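If you read the sequence from its start, that first residue is 1, and numbering goes on from there. A quick note: this is a predicted structure, and the numbers were derived from the prediction, not measured.
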Amino acid sequence: MNGLRNSGLLLLLVLVGGCASVPGDPDPRDPMESYNRAMYKFNQVVDDAILKPVAKGYKAITPEPVDRGITNFFNNLADVTSALNNLFQFKPSRAGSDLGRLAVNTTIGVLGFFDVATDMGLPSYKEDFGQTFGYWGDDSSSYLVLPFLGPSTIRDTIGLGGDIAANPLFYIDNRPVTWGLTGLDVTDTRADLLTAGDLLKEAAIDPYAFTRDAYLQHRRNKIFDGNPPEEEDDWEDELGEADAAADAG
């Protein structure tokens with residue numbers, strides 16, 4: 001789900017940030033590029049055949065206020081994971097904001113269907129375990145495309161296990177309900193990104209490279225709370241060494 005939710009932000013970064021690599025150039029952040037490109041194509045096929053048509057149908061029959069309420073409901077659940085990760089990162093004020101949002105939206109907001117907390121000035125941080133690992137030092141991790149879930153890194157994939165364990169849906173003692181709500185979450189998220197996905201395909205010369213670069217930039221920005229330091233030249237040094245070795249060969 002993080003991959004899907006990040007897609008809308010990826011498009012924004014692509015269009016305004018100019019962050020894409022030159023198509024065809026090897027990228028040291030993406031040592032598994034052949035596999036990742038194949039998985040990217042697989043995910044596109046699945047999306048075109050299943051997720052996108054279902055999302056369009058959902059969008060067509062769901063009134064906008066209901067659609068917004070469902071999105072708010074799942075965002076409210078995500079505040080549980082965010083609060084835990086802010087505590088793990090020793091950010092008590094942010095954890096308090098997450099817990100405050102959870103309390104207000106679950107009660108006054110009717111299980112989160114109404115985002116009352118934002119109107120009360122409680123910001124949404126949406127931290128996850130991948131960000132926590134990055135906070136504690138693993139801020140540069142190789143890119144990895146997951147089947148069905150999309151853009152990730154090795155760090156974020158490991159963190160996904162913690163995200164699943166922290167998700168309240170995981171503890172519902174009724175598998176059909178759990179899977180039904182998970183399916184609704186996926187459908188609702190994909191429906192909210194219909195326009196973004198179409199624009200990405202139209203705007204990018206190489207949609208895979210654009211998505212990769214934007215995802216890595218977005219995640220770095222999240223790890224450093226919107227104020228990332230200048231990146232070290234490790235990746236560039238590795239790329240230069242690879243080019244020098246190719247020229248020598």
TODO: Would you check if the side chain of T71 reaches a backbone N or O of D67 as a donor-acceptor pair within less than 3.5 Å?
DONE: yes
- [ ] Step through the shown structure and confirm whether more than 12 heavy atoms of other residues, nucleotides or ligands are within 6.0 Å of CZ on F73.
- [x] yes
Task: Donor + acceptor pair across side chains of S82, N85 (<3.5 Å) - done: no
Open item on the list: Check the orientation of F90 and W136. Use parallel for under 30°, tilted for 30 to 60°, and perpendicular for over 60°.
Closed with: perpendicular
TODO: Would you confirm whether T106, through its side chain, and A103, through its main-chain N or O, come within 3.5 Å as a donor-acceptor pair?
DONE: no
Task: Value rounded to 0.5 Å, distance of CG in L216 from OG in S141 - done: 9.0 Å
Open item on the list: With a 4.0 Å cut-off on N to O distance, would you call D206 and R37 a salt bridge?
Closed with: yes
TODO: Say whether T118 and R101, considering side chains only, have a donor N or O and an acceptor N or O under 3.5 Å apart.
DONE: yes
Task: Nearest non-hydrogen partners of I154 and M32, listed with the distance - done: CD1-CE, 4.2 Å
- [ ] Find out whether P151 and Y143 are in side-chain contact, i.e. whether some heavy atom of one side chain is under 4.5 Å from a heavy atom of the other.
- [x] yes
- [ ] Going by the side-chain contact (heavy atoms from CB on, under 4.5 Å) test, name the single residue among D188, T187, L194 that passes it with R190.
- [x] L194
- [ ] State whether D225 and R94 are salt-bridged, where the test is any N-O pair (Lys NZ or Arg NE/NH1/NH2 against Asp/Glu carboxylate O) under 4.0 Å.
- [x] yes
TODO: Go through the side-chain N and O atoms of S142 and D30 and say whether any donor and acceptor fall under 3.5 Å apart.
DONE: no
TODO: Look up atom CZ in F133 and atom CG in D138, then write down how far apart they are to the nearest 0.5 Å.
DONE: 8.5 Å
Open item on the list: Between the side chains of K52 and D47, is the shortest nitrogen-to-carboxylate-oxygen separation below 4.0 Å, so that they form an ion pair?
Closed with: no
Open item on the list: Quick check against the 3.5 Å criterion: does N43 have a side-chain atom that pairs as donor or acceptor with the backbone of L146?
Closed with: yes
Task: Polar side-chain atom of N72 near backbone of G112 as donor-acceptor pair, under 3.5 Å - done: no
TODO: For D156 and Y215, test the side chains for any donor-to-acceptor distance below 3.5 angstrom and give the result as yes or no.
DONE: yes
TODO: For the pair R155 and D139, find out whether any cationic side-chain nitrogen is under 4.0 Å from an anionic carboxylate oxygen.
DONE: no
Open item on the list: Please tell me whether F42 and F148 form a close aromatic pair, meaning their ring centres lie under 6.0 Å apart.
Closed with: yes
